[in-house]
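Remarks on the structure that follows.
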Amino acid sequence: MPSNAIPLNKFRNFGIIAHIDAGKTTTTERILYYTGVIHKMGDIDEGNTTMDWMPQEQERGITITAAATTCFWRDHRLNIIDTPGHVDFTIEVERSLKVLDGCVIVLCGCSGVQPQTETVYRQADKYNVPRIAFVNKIDRLGADFDRVVGEVHERLGANAAGIEFPDGTEDNFKGIVDVINEQYIQYKDKDGMEYERLTLPEQFKNKVKKYRHDLIERLAEVDDEMADLFLNGKEPTKEQIMTAIRRTVITCKFIPVLVGTSLRNRGVQMVLDAIVDFLPSPLDIPPMKGHDPDNKEEMIQLKADDIQPPVGLVFKIASDPYVGKIFFTRIYSGKFVPGQPYLNSSNGKREKISKIVLMHANKQEIVSSASAGEIVALVGLKESKSGDTLCSEDKPILLEGLRPPEPVVSLAIEPKTKAAQDKMGIVLRKFLDEDPSLRVKFDQETSQTIISGMGELHLEIIVDRMKRENNLEANVGRPEVAYKEAIIKKVTGIVGKYISQTGGRGKYGHCVIDVEPAEHGKGIVFIDKIRSGAIPREFIKPTFEGIEIGAQNGILAGYPVTDFIVTLVDGSYHDVDSDEMSFQLAGKRAVQEAFRQIHKIGGYVFQEPIMKLEITVPEDYWGNVIGDLMTRRAQIKETGNRGKLKTAIANVPLAEMFGYANALRSLTQGRASFSMEPSFYAQVPNQIAEKIIGARQEIAAKRS
């Protein structure tokens, strides 16, 4: 069925999200098979899945980049984004959830709610994305449906209930029991194409009654109509239950839980039905809000309507070897047509679209236009990057952009030949356009390029792509922790001046600032309190730019300083000698002087990234593993049991965790597993801080 023949209320824009190895890509592969997009199911282990098309993904058996595709089920158009589970690529989940209307959380039937499950759940919370859950791998050793649902309640704080439950687990998994319809679902073939709904066997009637009561009770807690029926002892009809689930899912008050095993081709069609029945269309979600680019106070609500002015958000950029850059875009209102001029309201530049395509992983289908509610890829844009807004020139509107996470690991790279220096700059600029969580800077002292990212694997993939996609060999240094310098005290009235007079026109910039600590994650917050024109408006922005530049190199060891508030309170200017550069230099000098003053009063600290580690270990090796963690400065926060295995959650400095996978394998004969993600920054103990700072100063002294 042509996509433009389908009404907007039959669109479902959703993502597949989960912890690494829970089965997202396998589930997506089965969805594509059952909807007829592909005719042979790929396998992660064989490296031939549709959505993991990058060579790096196929070799490692993991998803690295979010891949989009379109399929159809029950006369509905499903726009799917399969997202990575590895924490190093969390930006892919973040920007996907920002533009999606719903998501399917895939949970491992054995491991349950894992650390990255919690992360993606919080990301979905952040953007109010409605969710359904699928407990996968129910045929695996140690699988337990009820335990996983319990963890959804306890660890995620979610209001959830099973709308299905399995008939047996592990090797005894035989079929699925439908709680709402009170039916038994039995598959008839290995590929899972044929199944039948049977009358509920007698042995399941009491269990269905219990699950149904729990489902209705959970719905009654968040839905007035169900509460009325429940309190009056009335049994709701199937239609009333279905409607209540849809209402509460769309308002993010309830999560229905399904069950199956994607690898064994069981339960995926029920997930497709739940996507259609319970997840919202673009018409069901609250309107996206933007504001006038010149007036942030003037909020504008966008209707998902073709006749409205066009507005879209570029949320991802990828490079195609044949057409160049493609810009994944969510259309929130109006219609985009190739050949027409549009405004990038994020940077004020004019753009023109050469063609619009629907993406099927790395394959493309050209379409004549893109309308409200669609997720498409645009080709031909020149000045846009991830997080930018595209709109009509006569009715500009600006949407909230992306907020990428702070990097935690850095790597020094340099081309193997001088001739490749310029090429490396071009390649890294391309990667920066694609990946907002990547940072690149040039170290003047070492003449090396420093790339920073979310983990060792993140940077390893960048270096690998440089070699494979661009034939660019580089010398690579050891990974280093992205330390930070921070302030914990306030100073006021700090003066920054840049005055130079060498004959002819001089230079004059003068500012006065207050500096104080901000909450973690706030970055640099700038407050302008200049009154009566002490500094002209055109020099305010350059002053802030100078402050940002000054904060890139702290006074202890040259690491960035972040999370502080700087208030511009006073200054002066010269009618002739003042210019933007003078005030930029004045701002830089002011903030660095503020850091020195704070250091003198004991308010300047050295910080390191702390990781949240979750580890699963056979009991025989427990003592050795915990003892090893203690030597790595770990703080054990929680221990528990999962079947015959012991688990622990700990906070541990990233600096102590390089090479941990090999160490753990050696300690446990390869029988333990772990996952970790960035959690927060904490002050480095004085003795360790002194060693790190001393080493940096020694290197700097040798170079000078």
Side-chain angles (χ1 to χ4, degrees), residues 104-105 107 109 112-113 131-139 142-154 156-188 195-251 253-261 266-278:
V104 178
I105 301 179
L107 300 160
V113 174
R131 280 145 274 185
I132 63 176
F134 175 53
V135 177
N136 190 26
K137 301 187 180 182
I138 201 65
D139 60 328
D144 186 331
F145 180 74
D146 290 336
R147 174 175 57 77
V148 176
V149 175
E151 288 183 7
V152 171
H153 297 151
E154 293 159 20
L156 301 180
N159 179 31
I163 60 171
E164 301 173 341
F165 63 84
D167 173 15
T169 57
E170 302 179 355
D171 291 340
N172 295 318
F173 174 58
K174 301 182 188 71
I176 297 168
V177 179
D178 182 337
V179 173
I180 299 173
N181 293 293
E182 300 187 47
Q183 293 173 329
Y184 187 90
I185 300 166
Q186 185 175 53
Y187 279 84
K188 301 169 73 174
Y195 62 93
E196 55 187 348
R197 289 178 171 271
L198 305 172
T199 304
L200 188 68
E202 189 67 34
Q203 71 262 33
F204 292 113
K205 288 189 175 176
N206 285 338
K207 197 169 182 181
V208 165
K209 193 174 181 181
K210 176 184 173 299
Y211 271 87
R212 195 178 176 91
H213 179 272
D214 185 47
L215 169 63
I216 295 166
E217 188 175 25
R218 289 271 175 187
L219 288 169
E221 290 174 11
V222 292
D223 185 79
D224 290 343
E225 185 178 317
M226 292 302 287
D228 185 54
L229 291 169
F230 184 75
L231 292 172
N232 288 298
K234 295 179 181 177
E235 182 68 20
T237 63
K238 171 200 163 184
E239 289 72 24
Q240 286 174 318
I241 293 174
M242 295 285 284
T243 305
I245 292 175
R246 180 171 177 78
R247 265 197 310 267
T248 52
V249 167
I250 288 173
T251 53
K253 293 176 180 176
F254 178 71
I255 298 176
V257 187
L258 297 98
V259 69
T261 167
R266 301 289 186 264
V268 176
Q269 292 97 329
M270 288 82 245
V271 174
L272 280 164
D273 285 337
I275 289 163
V276 167
D277 290 334
F278 305 134

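Considering only heavy atoms from C-beta on, Ile163 comes within 4.5 Å of Phe278 through its side chain. You'll find the side chain of Ile241 reaches within 4.5 Å of the side chain of Met226, heavy atoms only. Taking 4.5 Å as the limit, some side-chain heavy atom of Leu200 sits within range of a side-chain heavy atom of Lys205. Inter-residue side-chain proximity for Gln183 and Phe204 is flagged as unmet; no heavy-atom pair is nearer than 4.5 Å. Two residues are said to be in side-chain contact when any heavy atoms from C-beta on lie closer than 4.5 Å; Thr169 and Phe145 fail this criterion. The shortest side-chain heavy-atom distance between Asp223 and Lys253 does not fall under the 4.5 Å cut-off. For the pair Glu235/Ile216, a side-chain contact is recorded, criterion being any heavy-atom separation below 4.5 Å from C-beta on. Between Leu258 and Ile176, the closest side-chain pair of non-hydrogen atoms is not below 4.5 Å.
Summarising the geometry of Pro256 relative to Val249, their closest heavy-atom pair is CD-CG2, 3.4 Å, with the distance given to 0.1 Å. Scanning all heavy atoms of the two residues, the minimum distance from Ala160 to Val257 falls at CB-CG2, 3.9 Å. Residues Val271 and Phe134 approach most closely at CG2-CD1, 3.5 Å, considering heavy atoms. Closest of all the heavy-atom pairs between Gly112 and Leu107 is O-CD2, 4.2 Å. Of all heavy-atom pairs between Leu229 and Pro236, the closest is CD1-CB, 3.8 Å. Here the shortest heavy-atom pairing between Ala220 and Phe230 reads CB-CB, 3.8 Å.
Residues forming a ring pair (Phe, Tyr, Trp, His ring centres under 6.0 Å) with His153 (at least two apart in sequence, or on another chain): none. A search for side-chain contact (heavy atoms from CB on, under 4.5 Å) contacts involving Thr237 returns Glu239, Gln240, not counting sequence neighbours. Looking at residues two or more places apart in sequence or on another chain, you find a salt bridge (Lys or Arg N to Asp or Glu O under 4.0 Å) between Asp178 and Arg197.
Between Tyr187 and the options Arg266, Lys174, Gln269, Glu196, a side chain to side chain donor-acceptor pair (under 3.5 Å) holds for only Gln269. Each of Ile138, Asp146, Val208 was checked for a side-chain contact (heavy atoms from CB on, under 4.5 Å) with Phe165, and the lone residue meeting it is Val208.
More than 12 non-hydrogen atoms from other residues, nucleotides or ligands lie less than 6.0 angstrom from CG of Asn232. Residue Glu202 qualifies as open at atom CD: its count of foreign heavy atoms under 6.0 Å is 12 or below. Residue-environment remark: NZ (Lys209) stays at or below the threshold of 12 foreign heavy atoms within 6.0 Å.
Taking OG1 of Thr251 as the start and CZ of Arg246 as the end, the distance is 11.5 Å to the nearest 0.5 Å. One distance of note links CZ of Phe254 with CZ of Arg247; it measures 12.5 Å at 0.5 Å rounding. A distance of 8.0 Å separates CE in Met242 from CG in Asp273, rounded to the nearest 0.5 Å. Atom CG in Asp167 sits 8.0 Å away from atom NZ in Lys207 (nearest 0.5 Å).
Using a distance-only test at 3.5 Å, with no hydrogens or angles considered, no donor-acceptor pair links the side chain of Arg218 to the main chain of Asn159.
Between Glu182 and Arg212, at least one side-chain nitrogen of the basic residue sits less than 4.0 Å from a carboxylate oxygen of the acidic one, meeting the salt-bridge criterion.
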Apply side chain to side chain contact (heavy atoms under 4.5 Å, CB included) to residues Ile245 and Ile180 and explain how you reach the verdict. CA-CA 11 Å; Ile245 292 175; Ile180 299 173; 3.6 Å; yes

Should Leu215 and Leu219 be marked as a side chain to side chain contact (heavy atoms under 4.5 Å, CB included) after you check the CA-CA gap, both sets of side-chain angles, and the distance that decides it? CA-CA 6 Å; Leu215 169 63; Leu219 288 169; 4.0 Å; yes

